[in-house]
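In what follows, a structure is listed as structure tokens, so that the remarks can point back to it.
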Amino acid sequence: MYKAKAYSAAGAASPLASDTIDRRETTETDVRIEILFCGVCHSDLHTARNEWVEFMPTVYPVVPGHEIVGKVTSVGSKVTQYKPGDLVGVGCLVDSDHTCPSCRADMEQFCPEGVFTYNSPDKHLGGVTFGGYSDSIVVDESFVLRVPENLDLAGVAPLLCAGITTYSPMRHWGVGEGKKVGVVGLGGLGHMGVKFARAFGAHVVVFTTSPGKVEDARRLGAHEVVNSRNADEMAPHAGSFDFILDTVSADHDLNAYLNLLGLDGNLTLVGAPEKPLPVSSYALLFGRKSLSGSLIGGIAETREMLDFCGKHGITADVEIIPIQQVNEAYERLLRSDVKYRFSIDMASLKSE
Ligand SMILES: [Zn+2]
Ligand SMILES: [Zn+2]
């Protein structure tokens, strides 16, 4: 074991503060990573404040962070894919059983024995796993991802959660040239959805309730922007979409979007509203439409996404902050006051 610097929360009502945590020494198959940037995901805030107590209660102290980018500092004797100095990333997962049907299908995110990057039982040290608000992390090489050298690292970090969460369903549902694709909501997830849909060659329409986001949506790659509160703007799009990605976590009317799907169209949810959303079966019956969900992506697909981002020059739009501003960043996140993701410069942890 060695001591690592980190920022942790001691309880649901406690702010994040400087702390020292235990990390394991590298095993034969481990990679030790010096963390350079870590994105701030809404899940970090939910977990730090124990807001998912019903299905994933938080064990304190908690060190959030699952959008990790860094540099390899040492590797175990049996590591074959990475060497010191390599640029790498770690996302939401750090282990799985490798044998269940989900793992065999390269979808480790659905493994019943999957280990999340933070607040998951730690098989090595006991207790729970600690995430990326830290100066370093030790991860089995099968869950380490290579980062393209040509991309801005602060903007790469959010690809590890927000990026793969939007990339995976678009690939699954065949977003590409000749397809009309909608993105509902323009936040951390939505802005990545727009960039990917555009890069895949689709015709991209952004739905927003904020008139102030119209210009930005176009800059990010939208061909059209629709104010979803304006029925006159929604009506001409009825029955015309192949795919709609819904990134909204607040209560909203799904049927209004299901009506916009064409034959065999699909609406995929990646946000998680607190209460169940009513769905009209008629909106699905006519046109054989489907409604589905999606959760991050497997390791192979995350690697594919990073390669795609390298090739197309795609990163998240970020506001870089020192770790000392993370509590303020959480408050701003609650007000959607960020374009479009906070990325923590982990060099700021050295002064703690
Ligand atoms: Zn996340
Ligand atoms: Zn498995």
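Just so you know, ligand 1 is whichever comes first in the structure, and atom 1 is the first atom listed for that ligand. Quantities reported herein were computed from a predicted structural model and do not represent experimental measurements. Nothing fancy with the numbering, it's 1 onward along the sequence.
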Residue pair T27 / D30, side-chain donor-acceptor N/O under 3.5 Å: yes
Any Lys/Arg nitrogen of K350 or E34 sitting under 4.0 Å from an Asp/Glu carboxylate oxygen of the other? yes
Can we say D251 and K275 salt-bridge, meaning some charged N sits less than 4.0 Å from an Asp/Glu carboxylate O? no
For F200 and F196, take the angle between the two ring planes, folded into 0 to 90°, and tell me which bin it lands in: parallel under 30, tilted 30 to 60, perpendicular over 60. parallel
N/O/S of C161 less than 2.8 Å from the Zn ion (ligand 1)? yes
Centres of the Y118 and H46 rings: under 6.0 Å? no
Between the Zn ion (ligand 2) and H98, is there an N, O or S atom separated by less than 2.8 Å? no
Looking only at N, O or S atoms, which one in D97 sits nearest to the Zn ion (ligand 2)? OD1
Give a yes or no on whether H42 keeps an N, O or S atom under 2.8 Å from the Zn ion (ligand 1). no
Taking the Zn ion (ligand 1) as the apex, SG on C41 and NE2 on H66 give an angle, to 10°, of 110°
